[in-house]
Amino acid sequence: MRVIRAVAAMQRLADRLRSGGRLGFVPTMGHLHEGHLSLVRICRKHSDFVVVSIFVNPTQFGPDEDLRQYPRDFGRDRGLLDREGTDVIFYPSAEAMYPAGFATYVRVEELTQGLCGRFRPVHFQGVTTVVAKLFNIVRPDLAVFGQKDAQQAFVIRRMARDLDFGTKIIIAPTIREPDGLAMSSRNCYLTRAQRMQAPVLYRSLKLGRRLVQEGEQNPATVKRRMRQVIKKESGARMQYIEIVDTEELKPVKRIKGRVLIALAAFLGRTRLIDNIIVRLRNNRQERQGRQERKTTDKHR
Ligand code: PAF
């Protein structure tokens, strides 16, 4: 496994690798966990060479966010990636990625306005700028992102399409702890008490999914029931719960087809996000769910 720090050296090596097979790429900010490693495994399955980048990208953090505390442990990450059979780690410095005079940003409109974008105004512009730069450096045939950061994955897919990067974007399932908490580098900020409460977020998402599958079509009802569970079982402070379509990420008025139920909440000062995609296969199934729900309600 090679570790490359300079942009030009990474470009040269990526060009060489690409001439010998499919080049897969997993961008990360390091402090790797099983979620990241699952992305590397998926990448490996679809490509001949795997490049993983580790770069804590300053432009995607707001002024009051956790850039300085963000956990970093290159030695540990390097060992984990070596064991996964990674071919190259790209590990640039902030100066290499953003040299003096840097003044160009990439912004995806619309998709970045709602959900996390509403509360983190500079975040997605930072993500798309750094990912565009990384794609230009590595020029991968495919890149893998986790569904845990669903809005990020959808925004990057749109950027890759709109700007003709020619990189296939694979969105991989969220990896969870045994109690359901979505794996995240930020989970290490949680106190013991907060860590015990955190799985309520996924429980509320599963409740939301169940209600929808049973035929509930009113997003306000689903969100209210989810909030109730979170409030009852934890001290979490909700930032948002939204039910949006999976194309434009706009809140739906009536739940049908395929929707994303997404939330963000603070446990203490730690902001956690999670989501679930619910797909209703057809109208007949929706009607059947509603019918079954009515019958169950009658017998309660
Ligand atoms: O998901 C992340 O770790 C980051 O947002 C990414 C995609 C590596 C860009 O900095």
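As the structure lists them, so they are numbered: ligands from 1, and atoms in each ligand from 1.
Among all protein heavy atoms, the one lying closest to atom 7 (C) of ligand 1 is Q152 NE2, 3.5 Å.
Without hydrogens or angle criteria, E248 side chain to E110 main chain gives no donor-acceptor distance under 3.5 Å.
Note: no N/O pair closer than 3.5 Å links N57 and ligand 1 by distance alone.
Close contacts of ligand 1 with V130, meaning ligand atoms under 4.0 Å from a residue heavy atom, involve 9 (C), 10 (O). In summary, the atoms of ligand 1 found under 4.0 Å from a heavy atom of P27, numbered by their order in the structure, are 8 (C). Near T28, with a cut-off below 4.0 Å to any heavy atom, the atoms of ligand 1 are 8 (C).
Contact record, I277 with Q147: CG1-NE2, 3.7 Å, taken as the closest heavy-atom pair.
Residues Y98 and N57 bring a donor and an acceptor atom of their side chains to less than 3.5 Å of each other. Side-chain atoms of D77 and Y91 form no donor-acceptor pair, as typed in the model, at a separation below 3.5 Å.
Atom 4 (C) of ligand 1 has its nearest heavy-atom neighbour, among K148, Q60, K133, H123, in Q60.
In this structure, R158 does not pair ionically with E109, as no charged nitrogen and carboxylate oxygen lie closer than 4.0 Å.
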